[in-house]
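Everything below concerns the one structure shown next.
Throughout, a chain's letter reflects where its sequence line sits, starting with A, and its residues are numbered from 1. Every value quoted in this text rests on a predicted model; they were computed, and no experiment measured them.
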Amino acid sequence: MRTTTATQLVYYADAIREALALEMRRDPAVVLFGEDIALYGGAFGVTRGLLDEFGPERVVNTPISEGGFTGLAIGAALTGLRPVVEYMFMDFIALAADQIVNHAAKFREIYGEQARVPIVFRAAGGAGRSYGATHSQMLEGWFMHVPGMKVVAPSTAEDARGLLISAIRDDDPVLVVEHKDLYKVRMPLSAEARPIPFGAARVLREGDAATVISYSKAVHTAALAAAQLAQDDIHVEVIDVRSLKPLDTATIAASVRKTGKALIVTEAMGVAGPAAELAYQVMAGAFEYLEAPIVRLTARETAIPFAPPLEAAAVPGVEEVARAVRALVG
Amino acid sequence: MENRSVMHPDWPAARILRTMLLIRRLEERVDALFAAGELRGTSHLSAGQEATAVGACAALRADDYVTSNHRGHGHFLAKGGEARRIMAELFGKATGYSQGKGGTQHMADFSIGFLGMNGITGGMLPIAAGAAFSARYRGSGQVALAFFGDGASNQGTFHEALNLAAIWRLPAVFLCENNCYAMSSPACHMVSGARIADRAAGYGLPGVTVDGNDVAAVYAAVAEAAARARAGDGPTLIEALTYRILGHSRGDLRVYRTREEEAEWAARDPIARFTAAAQAADILSPDDIAASEAAVATEVAAAEAFARASPFLAS
Ligand SMILES: Cc1ncc(C[n+]2csc(CCOP(=O)(O)OP(=O)(O)O)c2C)c(N)n1
Ligand SMILES: [Mg+2]
């Protein structure tokens, strides 16, 4: 792994691998399950090399049986292990949804607090690579909807490592939404790996014109738009919520109380999606400070198209965010 | 190949060869276009598996249904899909089968009974059972055939679809292309039991294993299964043993298999075997073969030119 002590530029995928390796060294109960994660290292290379260090007992290649191996991992979690399950593409979590929704998320409560299910579901979400409609979705909203689930969606290498460490140490089911279009982006990563607590948003840019609230890859879109707007002296505050459930409502409210305007940007669908919950929380925490209706920019209501220009048009882009901010502050 | 090399009268040897060659040359061209960075996303190519696609479709009626998977270009061409509209889809163009919205894994042509490729492994097996249910309900006499891989046989949908089709004696054919691997996972590690075809017994169905690189053997097995389905005797599970020549998808370095194994399978190339047998049986001449190669080269080049010249859908 990395040897120097200073902050380095590291791929988002490598930061995730580091978190897995560190936790596996620390705790022999951590076991990985997923399709082609061993020798092949996963479709995006996230687990590459882990087989060599930890062996096939802990880096377990599964058949293509998402429902089955998810349930199996939940059973293992119920009885002492800390499994981390990889979904090669987030879309495939649909095949495992029953085990997650009706089993993992409910066991703690329905069995009278006898049981905890310390399991992590890692899923590669998002568009931008022309993989088509069954390989590009952001489905975190489905799981935010389920009591008993925690949901995080890191946009940076630092958060990807820190939130995954917290997820593995957490005693309840956690969905970690990774973005496949970030895996090969280099980002700063501090030398010392630390867990990042859930429910703590990050203000990555301060401003007073409006608050832009986002998570995952859309944070980068928002940040680029914010930089562009700053050239015209429009200074927006950009918040990366990082953790969707639990959600840091205090940071969101404090910002919108200051700016009076809120734009929510997500790559997930709009209708009944994460942006709806974020908008409600803005309203609940800063209603009397709002100077304009809350605006949300989400994926268009469409199956994510394959063709690069159509795909790009289906999710919020930098220009669109900048335009929405101008309309909001204008 | 005996005299089984003459299959359905609609499928003379020249058509069999031409269709298999079209699949091979189109896939090779797509591979080259990805290598050159001209196509975006990924694709799963079926070079080496032409005999299963062509043998199966030759044994079906034109109005029978086919469902496919992520590795479906060959299935589509064998069922009658047009190379140029497939190529246009791969380029993401408005003239593609899905106007560029679907891409390599998501194309269909309902007018020829091709109910679609799909990116969800195992997802289309129950859909095929549903098409079979509908065909019987409507009394149309159609059969539905599902193409799927060894990897898909580990999905719950495979088992549920087989059971459903069996209890209702649906006119379905489940054709497993066992190409030895699901991505990097060898079938011998991931599939319990000696043969996937043996799984049929658990549902009280006939299970047949065939040489999937012998187009006539695939034809014969599917023809029998389709006849059985049409007669109201229910579904059949066929396991066709074959091999994908290229990697699983773009960028696969094939670390999970040896070059020796690849060479062994290259010696069993389905197209070379067919041409050799057809020449031995005197039903194809070297001139026929050269003419097929030339016609296919023209068709693939024209398909690419059509795709390149086509516009994107306005977004
Ligand atoms: C539900 C689901 N899980 C995993 C994948 C990723 N994936 C795509 S193809 C493939 C292997 C499929 O193997 P097989 O069924 O044998 O077909 P082959 O690729 O060999 O033609 C995998 C794991 C997927 N597309 N869908
Ligand atoms: Mg296979």
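Using a 3.5 Å distance cut-off with no hydrogens or angles, the side chains of B:N179 and B:Q49 do pair a donor with an acceptor. Side-chain atoms of B:E177 and B:T242 include no donor-acceptor pair closer than 3.5 Å. Side-chain contact of A:E66 with A:Y87: a donor-acceptor pair under 3.5 Å is absent, judged by distance alone. The closest side-chain donor-acceptor pair between B:E261 and B:Y243 falls under 3.5 angstrom. Counting only N and O atoms by type, the side chains of B:R254 and B:H248 include no donor and acceptor under 3.5 Å apart. B:H106 and B:Y97 share no side-chain donor-acceptor pair at under 3.5 Å.
When heavy atoms are compared at a cutoff of 4.5 Å, B:D252 approaches chain A by way of both its backbone and its side chain. B:Q155 touches chain A through backbone and side chain together, each having a heavy atom under 4.5 Å away. For a residue to count as touching a neighbouring chain, one of its non-hydrogen atoms must lie under 4.5 Å from one of that chain's; by this rule B:L39 does not touch chain A. For A:E311, the part lying near chain B is the side chain, with the backbone staying farther off; criterion is any non-hydrogen pair under 4.5 Å. For B:F312, the part lying near chain A is the side chain, with the backbone staying farther off; criterion is any non-hydrogen pair under 4.5 Å. A:A314 does not touch chain B: none of its heavy atoms, backbone or side chain, sits under 4.5 Å away.
For the set A:T62, A:I304, A:D91, the entry with the most heavy-atom pairs within less than 4.5 Å of chain B is A:T62. Ranked by heavy-atom pairs under 4.5 Å with chain B, the first of A:P309, A:A312, A:A133, A:A313 is A:P309. Of the listed residues B:H189, B:Q99, B:K101, the one with more heavy-atom pairs under 4.5 angstrom with chain A than any other is B:K101.
Considering B:R71, B:H44, B:H73 as possible partners of B:T104, the one that fulfils the side chain to side chain donor-acceptor pair (under 3.5 Å) test is B:H73.
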